[in-house]
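Here's the structure, in structure tokens; my notes come after.
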Amino acid sequence: MKIAEPNYIRHVLGYVTPGYNAVAQWNLAEIRAPEAWQQYFSATQKPGQGVLVAVLDSGVDVRHPDLAPNIARDASGSVIFLDEVYPNSAATPDIDASGRNYDWTTAYSDAMHPGPDGNGHGTHVAGILAAAGVSGYDGTNIVGVAPDATILPVKVMESDGNGDDWSISNGIVDAANRGARIENLSIGGPMPSDLLSDAITYAVDKGVLLVAAAGETLPTGSPVFYPAAYPGVIAVGAVGQKEDYEPYSNFGTQVALVAPGGPADNEATDGVLSTLPTYGSEMATELPSGIPGYGHASGTSQATPCVAGVAAMIWSLYPNLTAQQVRDRLVTSADKLGGVDFSQQTGWGLVDAMTALSVGDPRYGQ
């Protein structure tokens, strides 16, 4: 298909779980993920198990100890890493079956960083979504919302946090063709694009659930960014630790749900805690935590994988549901904030893992 338009730039916006810090990972409690793990999952039926979730972002550090167990691999055991920024260059990573050996060349745009995610944003998002919670650096570990989902890293953004519509659209299509059931897009920008719209339509027609960040604009938000604003996409806004709407979170009739995103101020200490690359990265420099491989950050980018993670849990329990049915569960089960059915700031409410999984459960007479 030939399209003549500007190539806009977008931005990075009884189950026994592994031990996690309930205070530091406040986002999990806010959406009742630990309760859902205990109530609905077991050693043989794990949260997110069997669900492939594409993280379209700045890349993912597939060597990170809390991420490596859940990275998608091909039949030979090699890590699958879709590089849409330089798909045909010598920058393509050479990753062995363990996901720990690389041969990154100077042709790679993140050559200053010895790994696939020079920004750190994608690694942070992936951890919120599906960190496995194994023992990490300094005894720290991170548990994702769906700690047994499979992560498909799709690099569509560069180390500066920017990426063009051509790369993003290719990533959306390629992830759908790879069998991703969910695509997490914690990226966006204010201008619409026919190229992006066509890619979204392609993925939706293939039965993919697309979850995207509504975006943030300081100090008081603005209309929902694209691709979140497109029909068929779940647009996610942000709330803080007291379930209050964060004013930076973009708003509009397209907002479907909100999830924990953290505050605009003090994000380095009060934001959402997650994984960061195990090597130097832009986010690690901006948000130093003192613990290599981990850090806090805030935004609708952090809220979005909370919703994608709950969707992965739904599909792991009810694999025959359609994407529309999963979306309906997420929306109808949301916690109505302030007793309001819908608002342009908080959509249909705060995503709620427990209620989303109980809908239609015969044990609850529904």
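For the single chain, residues carry numbers from 1 onward in sequence order.
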- request: Report the C-alpha distance between Leu273 and Ile142 in whole Å, list the side-chain angles of each, state the deciding distance to 0.1 Å, and finish with yes or no for side-chain contact (heavy atoms from CB on, under 4.5 Å).
  value: CA-CA 8 Å; Leu273 178 64; Ile142 293 295; 3.6 Å; yes
- request: Before giving the answer on side-chain contact (heavy atoms from CB on, under 4.5 Å), spell out for Glu183 and Ile172 the whole-Å C-alpha distance, their side-chain angles and the decisive distance to 0.1 Å.
  value: CA-CA 8 Å; Glu183 295 188 17; Ile172 292 170; 3.6 Å; yes
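Checked against a 6.0 Å centroid threshold, the rings of Tyr294 and His124 do not count as neighbours.
Side chain of Arg329 to backbone of Ala356: a donor-acceptor contact under 3.5 angstrom is found. A donor-acceptor pair is defined here as one N or O able to donate and one able to accept, closer than 3.5 Å; no such pair exists between the side chain of Ser197 and the backbone of Ser193. A donor-acceptor contact shorter than 3.5 Å links the side chain of Glu216 to the backbone of Thr300. Proximity of a side-chain donor or acceptor of Ser298 to a complementary backbone N or O of Pro263 within less than 3.5 Å is detected. Side-chain atoms of Lys336 never come within 3.5 Å of backbone atoms of Gly338 as a donor-acceptor pair (strictly under, hydrogens ignored). Remark: side-chain polar atoms of Ser169 are not paired, donor with acceptor, to backbone N or O of Ala199 under 3.5 angstrom.
In this structure, Glu158 CD and Asp164 CG are separated by 8.0 Å, a value rounded to the nearest 0.5 Å. Taking CH2 from Trp348 and CG from Leu330, the interatomic distance works out to 14.0 Å, rounded to the nearest 0.5 Å.
Tracing side-chain contacts under 4.5 Å through hydrophobic residues (I, L, V, M, F, W, Y), one reaches Leu210 starting from Leu52; they form part of the same cluster.
For the residue pair Leu350 and Ala259, the shortest heavy atom distance occurs at CD1-CA, 3.8 Å. What you find for Ser249 and Gly237 is that their closest heavy atoms are OG-CA, 3.3 Å.
Using a 4.0 Å cut-off between charged nitrogen and carboxylate oxygen, Arg63 and Asp61 count as a salt-bridge pair. With respect to Arg10 and Asp165, a salt bridge is recorded, a charged nitrogen being found less than 4.0 Å from a carboxylate O. The existence of a salt bridge linking Arg32 and Asp352 is confirmed by a sub-4.0 Å separation between a basic side-chain nitrogen and an acidic carboxylate oxygen.
Side-chain polar atoms of Asp117 and Ser58 form a donor-acceptor pair below 3.5 angstrom. At a cut-off of 3.5 Å, with distance as the only test, a side-chain donor of Asn177 or Tyr202 sits close to an acceptor on the other residue. If you check the side chains of Thr217 and Ser222, you find a donor sitting under 3.5 Å from an acceptor. Ser316 and Gln49 are not linked by any side-chain donor-acceptor pair at a separation below 3.5 angstrom, with hydrogens and angles left out of the test. Side-chain atoms of Thr346 and Ser343 include a donor-acceptor pair closer than 3.5 Å.
Side chains of Val53 and Leu152 form no contact here, defined as non-hydrogen atoms less than 4.5 Å apart. Inter-residue side-chain proximity for Leu195 and Trp166 is flagged as met; some heavy-atom pair is nearer than 4.5 Å.
Val272 pairs with exactly one of Gln302, His296, Gln25, Gln241 by the side chain to side chain contact (heavy atoms under 4.5 Å, CB included) rule, that one being Gln302.
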